[in-house]
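As the structure is a computational prediction, the values presented were derived from the model and not from experiment.
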There are 4 protein chains.
Amino acid sequence: MSGIHGDKYEAILDAAYTVFGAKGFYESKISEIAEDAGVAKGTVYLYFKSKEQLFTAVTRRDCEQYLAEMQGALVQHNLAEGLLRMANLHLHYYYKRKQHTQLFFMTPNNNPDLIEFMRGFIRDYTDMVTNKLASEGVQQPEFHAKAFIGMLERMKMDILWNQDFHECDVDQTAEWAAHLFMHGCKARVQ
Amino acid sequence: MSGIHGDKYEAILDAAYTVFGAKGFYESKISEIAEDAGVAKGTVYLYFKSKEQLFTAVTRRDCEQYLAEMQGALVQHNLAEGLLRMANLHLHYYYKRKQHTQLFFMTPNNNPDLIEFMRGFIRDYTDMVTNKLASEGVQQPEFHAKAFIGMLERMKMDILWNQDFHECDVDQTAEWAAHLFMHGCKARVQ
Amino acid sequence: MSGIHGDKYEAILDAAYTVFGAKGFYESKISEIAEDAGVAKGTVYLYFKSKEQLFTAVTRRDCEQYLAEMQGALVQHNLAEGLLRMANLHLHYYYKRKQHTQLFFMTPNNNPDLIEFMRGFIRDYTDMVTNKLASEGVQQPEFHAKAFIGMLERMKMDILWNQDFHECDVDQTAEWAAHLFMHGCKARVQ
Amino acid sequence: MSGIHGDKYEAILDAAYTVFGAKGFYESKISEIAEDAGVAKGTVYLYFKSKEQLFTAVTRRDCEQYLAEMQGALVQHNLAEGLLRMANLHLHYYYKRKQHTQLFFMTPNNNPDLIEFMRGFIRDYTDMVTNKLASEGVQQPEFHAKAFIGMLERMKMDILWNQDFHECDVDQTAEWAAHLFMHGCKARVQ
DNA sequence: AATGAATGAGGTTTCATTCAT
DNA sequence: GATGAATGAAACCTCATTCAT
């Protein structure tokens, strides 16, 4: 036993992360997840009530881990430094998850639990950035938080889709994003 | 016959737009689309080879219409004005499509045609903005184009999700977005 | 008008002969037959009440033509000569119809009309041979007629299936079959 | 578990044999086979990948059983005795299968696996008889094997179609067939 | 007579979930 | 706890046939 849930719980969650991440919710089969986890199909249902609940659990684990890492990036730095660290973390996080694209796109709809959780995650993330911006005196901090996260999300797409987006490009992109957010594009016009 | 395809073609496309937009690809049933269009199930297959092809056709129509409208927003204006118009168009477009959220999220995966089309659309949109920025002397125009579109996409989310996001808020948001992109957030710090 | 039915009737029958012959009843589509005949789908139903009736008509035409040709082979010849002519006709007939294999195998079942017709055809063919044998003094003429036809049917299979069965082989086979039927296999044993 | 496959496997195969045999491939429904086997529809697909594969499995089992029985009929007998035993076995085999006529006629086409298997079966059967004839000094043994089998196949038709063909008639027919094959029809002419 | 758009019944197949062992 | 055989609902899609033009 490695935790309160037991090894199988983790194995199933890991397998679900892999399979859902590769194929999305609807094209993933419980049988494949079970096989990948090295357990029987029925065992999945001992730990998770349904396919949807399993998906939600996978998402939850990923998002919580993300927020925990992000938390550290923002404290005890000035605005410029904080934004740069945040951008780097955001982009590198998804760079490492290139194989799990579908986790962020092909989610089950009609599932109130998941929808609520995802909105909660987005709200929490936004709040975290909003608070940082507010504490640094930025006006309309919530709008600015959303705008910065939006920029980074679009950069994330490039990372997930372009095979030739390498780790060094990630650093460069993060730097540009933070700079643009701080000074606007006019700064670069002659 | 109102066009080259006939009334039924349009009726099915409209119904598919409604149903796919409300439930996403996987949770939508051809039978429901057919009923909504006022035709028999088999009729859908006279006009579209498969459920996936129908979804692609719906997406294509929406995206092409979008690009056509966007085209007009960018020409013959200076940078500030062009960005503001673009932001307004982007956000108002999706404000009008609040009921069709799922069209943008729950798409079928494993469908090469659709994936290719969507990437083409995103590329075309990005190019359109990139060219505008380049012609106005902005450095790294592609990066800046993506960043601006990313900001707007995040604002779009708020519009789609928040019931209390009203049309007047859209204008305000567009203005802020364009301003932030031009001058950065520092401009608002004391 | 080339006959009492008109050109389209013949065109449909010819197309049906081709398509049914190539794919069998169940895998053939009325739409394909119509296209092959150069008429609209609905036109097929002006001349034939149903797909099954069309198949029956195709079969009937082919069988009647066959019996008519066979009739001539048996009259005014002695037994040996008559059997040889018959064997030749039987095998060459199907040699010419190599492309229409499925007409003889993939027939619709559950169709009383067709079943009755086919049995009638087999009975007529058998009677024709039986009468010849009886008139030449062969005992148990019906059994012998069936046996000879059976031999030839098996040879027909080889013709339909083997790509390297050439026209000259047909003659040889017919000769052997007639000889075997007349004298038995012992005649060839040392 | 009564065998390597389990009871359900056999039950489904038996039910498929019954239903396919009565109605042919195309007119048989998986749901009917499942009901006949006393299992749910989905269970059929646990054991057989598709309807076609199930049909092939049924055919294979029947043919293999047939060849095994036939093997015994031909060994350790002189030619006359061997042919008589073979004719009896051939005809009695199908006499017992009167209810499964459609298994031999209404097979799925366009199925390479099945076509290959059937040709293999016919080849194996022919070879078996050919070898026997060759070992007894009959010239052109392959031709003669095919001819004899052809005769018997035609007799099989009578058995399958005529309700008033009784078991005693089968013996008589086998005897006549073997005699005809050995001595020809001339032996019966005055 | 000829057309072909429209219909809709119906069958194969999948797969999440259950439960007896 | 663990298994995996069994279930059966549900949906896509086909295609013979009809009928208004």
Query raised in the report: If we call it a pair only when both distances are under 3.5 Å in a Watson-Crick or G-U wobble match, what pairs with dA16(F)?
Result: dT7(E)
Report task. Examine dG11(E): is either OP1 or OP2 under 4.0 Å from a nitrogen or oxygen in the side chain of Tyr26(D)? Give yes or no. Result -> no
Query raised in the report: In the structure shown, which nucleotide is the Watson-Crick or G-U wobble counterpart of dT21(E), with both distances under 3.5 Å?
Result: dA2(F)
Query raised in the report: Does the side chain of Arg61(A) reach to within under 4.5 Å of the side chain of Tyr17(A), using non-hydrogen atoms?
Result: yes
Report task. To the nearest Å, give me how far apart CZ (Phe20(B)) and P (dA11(F)) are. Result -> 13 Å
**Report entry** Closest to the Tyr47(C) side chain, choosing from dA5(E), dA6(F), dA1(E)
**Finding:** dA1(E)
Report summary line: Closest to the 5' end of DNA chain F, once Gly42(A) and Tyr45(C) are matched to their nearest nucleotides, is Gly42(A)
Query - Atom-pair distance (CD1 on Ile12(D); P on dT12(E)), nearest Å - result: 14 Å
Query raised in the report: NZ of Lys51(C) versus P of dT17(F): gap in Å, rounded?
Result: 8 Å
Query - Whether Phe48(B) and Tyr9(B) hold their rings parallel, tilted or perpendicular, with breakpoints at 30° and 60° - result: parallel
**Report entry** Atom pair distance, as rounded to whole Å: NZ in Lys49(A) and P in dA16(E)
**Finding:** 16 Å
Report task. Pick base, sugar-phosphate or nothing for Lys41(C), based on heavy-atom distances below 4.0 Å to the nucleic acid. Result -> base
Query - Over-ring placement of Arg97(A) relative to Tyr93(A), 6.0 Å and 45° cut-offs - result: yes
Report summary line: Closest to the 5' end of DNA chain F, once Ser31(C) and Ser50(B) are matched to their nearest nucleotides, is Ser50(B)
Query - Glu52(A) CD - dC15(E) P separation (whole Å) - result: 16 Å
Report task. May I have the distance from Phe48(B) (atom CZ) to dT14(F) (atom C1'), rounded to whole angstrom? Result -> 18 Å
Query raised in the report: Starting at the 5' end of DNA chain E, which residue's closest nucleotide do you reach first, Lys29(A) or Gly38(B)?
Result: Gly38(B)
Report task. Rounded to the nearest 0.5 Å, what's the gap from CD1 on Ile33(A) to CZ on Phe20(A)? Could you check? Result -> 4.0 Å
**Report entry** Listed nucleotide nearest any side-chain atom of Ala40(D), set dG8(E), dG8(F), dT3(F)
**Finding:** dG8(F)
Query raised in the report: Between Leu46(B) (CG) and dC13(F) (P), how many Å, whole number?
Result: 14 Å
Query raised in the report: Taking only side-chain nitrogens and oxygens of Thr43(C), does any of them come within less than 4.0 Å of OP1 or OP2 of dT3(E)?
Result: yes
Query raised in the report: In whole Å, what is the span from the CD atom of Glu35(C) to the C1' atom of dG4(E)?
Result: 13 Å
Query raised in the report: So what does Ile30(B) touch, heavy atoms closer than 4.0 Å: a base, only the sugar-phosphate, or nothing?
Result: sugar-phosphate
Query raised in the report: Which part of the nucleic acid, if any, lies within contact of Val39(D), taking any heavy atom under 4.0 Å across all strands shown: a base, the sugar-phosphate backbone alone, or nothing?
Result: sugar-phosphate
Report task. Please say whether the positively charged group of Lys51(B), taken as NZ for Lys or CZ for Arg, lies over the ring of Phe25(B), i.e. under 6.0 angstrom from the six-membered ring centre and within 45 degrees of the axis. Result -> yes
